[in-house]
Amino acid sequence: AVRDALHMDSDIRVRNIETSFRSERARTPLKFGASVVEEVEYCTVRATVENGRGEVADGYGGIFLMDFWGWPDFDLSHEVKSAAMAHITEEYCDLVRSYPDAAHPIEVFYDLEADLRTANDAVCAQRELQPPQTFLGALVCASPVDAALHDAFGIVNGIDTYRGYGPDFMCDLSRWLGPDFEGRYVEEFIREQYLPEIPIFHLVGGLDKLTESEVDSSDPDDGLPNSLEAWVRRDGVYCLKVKLRGNDLEWDVQRTIDVHDIGERELAALGIDELHVTADTNEQCESPDYIVEFLHRIKEQSPACYERILYIEQPTERDLTLNRHDMRPIAELKPVIVDESLTDLESFDLAMELAWSGIALKSCKCQSSDMIMAAKAKSMGIAYSVQDLTNPSLALIHSVGLGARTHTIMGVEANSRQFFPASTLPEEQRVHDGIFTVRRGRASTASLQGPGLGYQ
């Protein structure tokens, strides 16, 4: 009823959606948590839409169908899970095609949220996959479709998509966030323009080599760095995300200090004195106590490293209801950010109840959800980061744009240049060189221009 009352000529009807999938192989294995990624499916979506003025345009979205992160069930093979995720993506395309009304992309997403859950469970049941993929994985499957709709929405209406989140284009936030948000819109909580430059987080995977002395004949000989040392020298990256084991305290402490010390030394040689470190165990800690002890040991052994730890990311399991861990012991030392657990507004509220410090937004959790959660977080004074999924190609362009239009704690993660550099098309690299080539630790957003999500 609200949508009908606020029907606008800018609302879109979906005329067609097309998907394509390609397998991408990692340059070097990426280890995070208990997973090692060597090959993964990349999905591209093209959505054709028509607005109320009869204008038609195409929009695009892309994402890695990263079952290693979205569906880390080791009783099922990567091939089985990847095929199921592609099937769920197609099912979501069907849902979007059959959406009966003209609407804003955010409205489409939330109207179909329950149907996405049902489709996810149905595909898993049909393929006899138990336990079924959780809703986090379903969001990954839906995210390139959602991104394509947002891109098409901007293009068909001749606007930068982020300009389409105000009263001239959509209903207010009360529809999703309640009466306190009556008369308030997403545009109030995001940036009017892209930041000209944005700091890039460099990922230090669990198998990554830290120094040049570790490099040997097994490493790629393609002109790209093979150690953290060399990456920092080349790109000047001063935001370093360390993947930890979460069950080997001595290794985790030493690894973090080593990363910090290498970063500090190499950056000093470049005349850069800024350095930020984040730590992520990808749910491998049995309880918050592990991270509390980790932080105490870091502080004892390297006060400088401790001071530069910006936040801790998702230390415990993604099911917040399983143990209902109280995060205050960590939050009293360093901010602790919820990532894998954050899938909807209900999990946002539960995370805040359990004293998580902030949230991680990701383009693979859907642009629509990111916009609503960014608005809610900003209104509450809750910090948030923008992480990625080691995404290349359009997915990276989208993610960097998301980080540059929101108020992140610090920059945006962008590590496909390390692990999947060949997965970006030559024309994407040429047009968006400032995004794919990091200089002095930052990406330039100058190429994010024109209507839609700025892909050009």
Side-chain angles (χ1 to χ4, degrees), residues 160 162 190-205 208 223-225 227-242 259-260 262-280 307-311 313 337 360-363 370 374 383-421 423-424 428-450 453-456:
D160 164 0
Y162 289 93
I190 62 174
R191 298 181 187 276
E192 290 187 12
Q193 303 287 343
Y194 293 106
L195 288 171
E197 292 185 323
I198 186 167
I200 291 300
F201 271 89
H202 177 94
L203 182 66
V204 184
D208 288 14
L224 293 177
S227 71
L228 173 64
E229 238 176 21
W231 278 113
V232 176
R233 286 175 194 166
R234 193 190 83 155
D235 292 352
V237 281
Y238 57 86
C239 298
L240 305 177
K241 177 175 178 175
V242 189
V259 167
H260 167 270
I262 290 168
E264 183 179 52
R265 182 182 70 241
E266 296 300 329
L267 288 167
L270 297 173
I272 299 173
D273 58 10
E274 189 172 0
L275 173 59
H276 305 283
V277 177
T278 66
D280 185 7
E307 286 303 313
R308 283 170 162 151
I309 293 177
L310 194 61
Y311 57 80
E313 191 175 340
I337 303 298
L361 303 181
K362 274 185 164 86
S363 62
D370 288 335
Y384 61 84
S385 62
V386 170
Q387 310 293 345
D388 80 348
L389 211 59
T390 315
N391 271 304
S393 195
L394 289 182
L396 178 62
I397 301 168
H398 175 196
S399 186
V400 169
L402 173 63
R405 285 302 277 268
T406 53
H407 300 276
T408 69
I409 299 170
M410 173 65 63
V412 62
E413 186 182 355
N415 52 56
S416 62
R417 79 193 201 292
Q418 302 169 244
F419 299 99
F420 290 92
S423 301
T424 293
E428 294 167 338
Q429 177 73 54
R430 184 176 65 253
V431 173
H432 297 281
D433 177 68
I435 288 176
F436 292 104
T437 303
V438 175
R439 297 175 174 88
R440 293 188 70 80
R442 292 172 172 261
S444 167
T445 66
S447 61
L448 295 175
Q449 298 177 15
L453 292 173
Y455 302 146
Q456 298 197 62

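Any value given below was found using the heavy atoms of this structure, including those in side chains, with hydrogens, waters and symmetry copies removed.
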Going by salt bridge (charged side-chain N to carboxylate O under 4.0 Å, His left out), name the pairs with one or both residues in residues 383-405, residues two or more places apart or in two chains.
D160-R405
Which residues pass the side-chain hydrogen bond (donor to acceptor under 3.5 Å, both in side chains) test with R234, not counting sequence neighbours?
none
Kindly write out the residues that satisfy side-chain hydrogen bond (donor to acceptor under 3.5 Å, both in side chains) with R440, not counting sequence neighbours, or none if the list is empty.
none
Listed partners of Q193 passing side chain to side chain contact (heavy atoms under 4.5 Å, CB included), at least two apart
R163
For P196, what residues pass the side chain to side chain contact (heavy atoms under 4.5 Å, CB included) criterion, not counting sequence neighbours?
none
Among all residues two or more places apart in sequence or in another chain, which pass the salt bridge (charged side-chain N to carboxylate O under 4.0 Å, His left out) test with D208?
none
Check side-chain hydrogen bond (donor to acceptor under 3.5 Å, both in side chains) between S444 and all other residues, then give those that pass, not counting sequence neighbours.
none
Please name all residues satisfying side-chain hydrogen bond (donor to acceptor under 3.5 Å, both in side chains) with R442, sequence neighbours left out, ordered by chain then number.
Y238
Mind listing the side-chain donor-acceptor pairs of residues 269-279 below 3.5 Å, one per line with the distance, residues two or more places apart or on another chain?
{"residue": "E274", "atom": "OE2", "partner": "H276", "partner atom": "NE2", "Å": "2.8"}

Excluding sequence neighbours, so at least two apart, what forms side chain to side chain contact (heavy atoms under 4.5 Å, CB included) with I190?
Y162, Y165, V186, M371, T406
With sequence neighbours left out, what residues match T390 under side chain to side chain contact (heavy atoms under 4.5 Å, CB included)?
L30, N415, F419, F420
Any residue meeting salt bridge (charged side-chain N to carboxylate O under 4.0 Å, His left out) with E428, in chain and number order, not counting sequence neighbours:
none
